[in-house]
Amino acid sequence: MHGRAMTKSLSLEDFDRAARRRLPHPLYAYIAGAAEDNLSLGDNRTAMRSWNFVPRTLRDVSGRTMQTELFGTGYSAPIGIAPMGLSALMAFEGDNLLARAAANAKIPMILSGTSLIPLEEVVRHVPGIWFQAYLPGEAARIEPMIDRIAAAGIETLILTVDVCVSANRENLVRARFSTPLRPSIRLAWDGLTHPRWLIGTLARTFAVRGMPHFENSSATQGAPIFARTAERDFGAREAFSWEHARLIRKRWDGRLILKGILSADDARIAKDMGIDGVIVSNHGGRQLDGAAAPLTVLPAIVDAVGAMPVMIDSGFRRGGDVLKAIALGARMVFIGRPFLFAAAAWGEAGAAQAISLIKAEIDRNMALLGVSSLAGLDRSFLTRAEP
Ligand SMILES: Cc1cc2nc3c(=O)[nH]c(=O)nc-3n(C[C@H](O)[C@H](O)[C@H](O)COP(=O)(O)O)c2cc1C
């Protein structure tokens, strides 16, 4: 249906333009934006330039594979879909759509705690998805949520630890984006001028599913996405501490991962208290502006935690970027915005196309590097770029 236009997206960055045309501006700005002056957003990309490749030649790479093993599960590639809130506002049933695209491609996908489809439905739809929670620093509210996640059959729980307060996103104020979305003439105009989103995503959602709510931010259903007054409940996130992480570790038998780690000391604390893995992340530059680009702190974190799996996200767009992180010791690289842009622009076919584009880049670059498996890639394939 949209095959010809979609194939104009030749790399992950190209989906940005396609989604910009499809989405009302406030929604596009919510995905694309970052905190304050976009310092971390920019650094996430320039960090990729801080390492250059030292390829090896004349090695038979005809049998190469990017097969990845993590937590006892085999994946087709070392990439996954990062958790993104409000996905179902960007594409019809966006969370189910991304989960399906990930499962079909045999890569992991993390369902956001700020999603609009009940986690029970998504996990029924696609068993094996990982779930990300934002939790308050209150045992009485943590415990029922953990029990809900366990009862749903989720096996891998990610705690995002870099959102103790909401970020300063001036871009959202300028774009007039807020949650809940407040109905206004301007919002209505934005919808009318983006009819494919209005009909294909918003009207279809209301017709099929009714008013979307924040379904997964606590043990019970949260606020509706459109409301004149309702305040979104950020809960007592400021009070969340290692003590609560310990409590969760005791109550949760599944795999527990911390997302938003940038300090080797924090990674060490996590390991010592029985956390199963960390995702090194600055939230795509959307939280603390000026926070280090994850690639620059990755080696110190890998060195600090021994065998505990270290994963990473923020700013990865090319197969070469992914391979740099793998060479520095990352076990999985998560990617955010481009997959949601692809889903917003072209639905499940778009998400599948985005996954296959970056897989093709990883495959080609493995050949050009002279490696046949990801295990064969280490720091000897990298040299620090001249500043
Ligand atoms: C639209 C959007 C929504 C996000 N929502 C969440 C979320 O609910 N929970 C979370 O842990 N991270 C969230 N993130 C951060 C991503 O999981 C990830 O850390 C980041 O997008 C990676 O950077 P990249 O977009 O440059 O690939 C969100 C990011 C975007 C772009």
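The shown structure was predicted, so the numbers you read here are calculated from the model rather than taken from an experiment. Ligands are counted one by one from 1 in listed order, and the atoms in each one are counted from 1 as well.
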Could you go through ligand 1 and note, for every N or O atom, any protein N or O atom closer than 3.5 angstrom, writing the atom names and distance to 0.1 Å, or 'none'?
{"unit_1": "ligand 1", "atom_1": "5 (N)", "unit_2": "G85", "atom_2": "N", "d": "3.0"}
{"unit_1": "ligand 1", "atom_1": "8 (O)", "unit_2": "S112", "atom_2": "OG", "d": "2.7"}
{"unit_1": "ligand 1", "atom_1": "8 (O)", "unit_2": "T114", "atom_2": "OG1", "d": "3.4"}
{"unit_1": "ligand 1", "atom_1": "9 (N)", "unit_2": "Q132", "atom_2": "OE1", "d": "2.9"}
{"unit_1": "ligand 1", "atom_1": "9 (N)", "unit_2": "Y134", "atom_2": "OH", "d": "2.8"}
{"unit_1": "ligand 1", "atom_1": "11 (O)", "unit_2": "T160", "atom_2": "OG1", "d": "2.7"}
{"unit_1": "ligand 1", "atom_1": "11 (O)", "unit_2": "K259", "atom_2": "NZ", "d": "2.9"}
{"unit_1": "ligand 1", "atom_1": "12 (N)", "unit_2": "P83", "atom_2": "O", "d": "3.4"}
{"unit_1": "ligand 1", "atom_1": "12 (N)", "unit_2": "K259", "atom_2": "NZ", "d": "2.9"}
{"unit_1": "ligand 1", "atom_1": "12 (N)", "unit_2": "H283", "atom_2": "NE2", "d": "3.2"}
{"unit_1": "ligand 1", "atom_1": "14 (N)", "unit_2": "P83", "atom_2": "O", "d": "3.2"}
{"unit_1": "ligand 1", "atom_1": "14 (N)", "unit_2": "H283", "atom_2": "NE2", "d": "3.4"}
{"unit_1": "ligand 1", "atom_1": "17 (O)", "unit_2": "P83", "atom_2": "O", "d": "2.7"}
{"unit_1": "ligand 1", "atom_1": "17 (O)", "unit_2": "K259", "atom_2": "NZ", "d": "3.1"}
{"unit_1": "ligand 1", "atom_1": "19 (O)", "unit_2": "K259", "atom_2": "NZ", "d": "3.1"}
{"unit_1": "ligand 1", "atom_1": "19 (O)", "unit_2": "D313", "atom_2": "OD1", "d": "3.3"}
{"unit_1": "ligand 1", "atom_1": "19 (O)", "unit_2": "D313", "atom_2": "OD2", "d": "2.7"}
{"unit_1": "ligand 1", "atom_1": "25 (O)", "unit_2": "R337", "atom_2": "N", "d": "3.0"}
{"unit_1": "ligand 1", "atom_1": "25 (O)", "unit_2": "R337", "atom_2": "NH1", "d": "3.0"}
{"unit_1": "ligand 1", "atom_1": "26 (O)", "unit_2": "G315", "atom_2": "N", "d": "2.9"}
{"unit_1": "ligand 1", "atom_1": "26 (O)", "unit_2": "R317", "atom_2": "NH1", "d": "3.4"}
{"unit_1": "ligand 1", "atom_1": "26 (O)", "unit_2": "R317", "atom_2": "NH2", "d": "2.7"}
{"unit_1": "ligand 1", "atom_1": "26 (O)", "unit_2": "R337", "atom_2": "NH1", "d": "3.1"}
{"unit_1": "ligand 1", "atom_1": "27 (O)", "unit_2": "R317", "atom_2": "NH1", "d": "3.0"}
{"unit_1": "ligand 1", "atom_1": "27 (O)", "unit_2": "G336", "atom_2": "N", "d": "2.8"}

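Using a 4.0 Å cut-off between charged nitrogen and carboxylate oxygen, R45 and D321 count as a salt-bridge pair.
Annotation: side chain to side chain donor-acceptor pair (under 3.5 Å) contacts of Q353 (sequence neighbours excluded): none. For A367, the side-chain contact (heavy atoms from CB on, under 4.5 Å) partners two or more places apart in sequence, or in a different chain, are V61, R64.
Using a 30° and 60° split on the angle between ring planes, W130 and Y75 fall in the perpendicular class, above 60°.
Other residues sharing a hydrophobic cluster with F92 under the 4.5 Å side-chain heavy-atom criterion for ILVMFWY residues are V208.
The 12-atom threshold is not exceeded at CH2 of W189, counting heavy atoms of other residues, nucleotides or ligands nearer than 6.0 Å.
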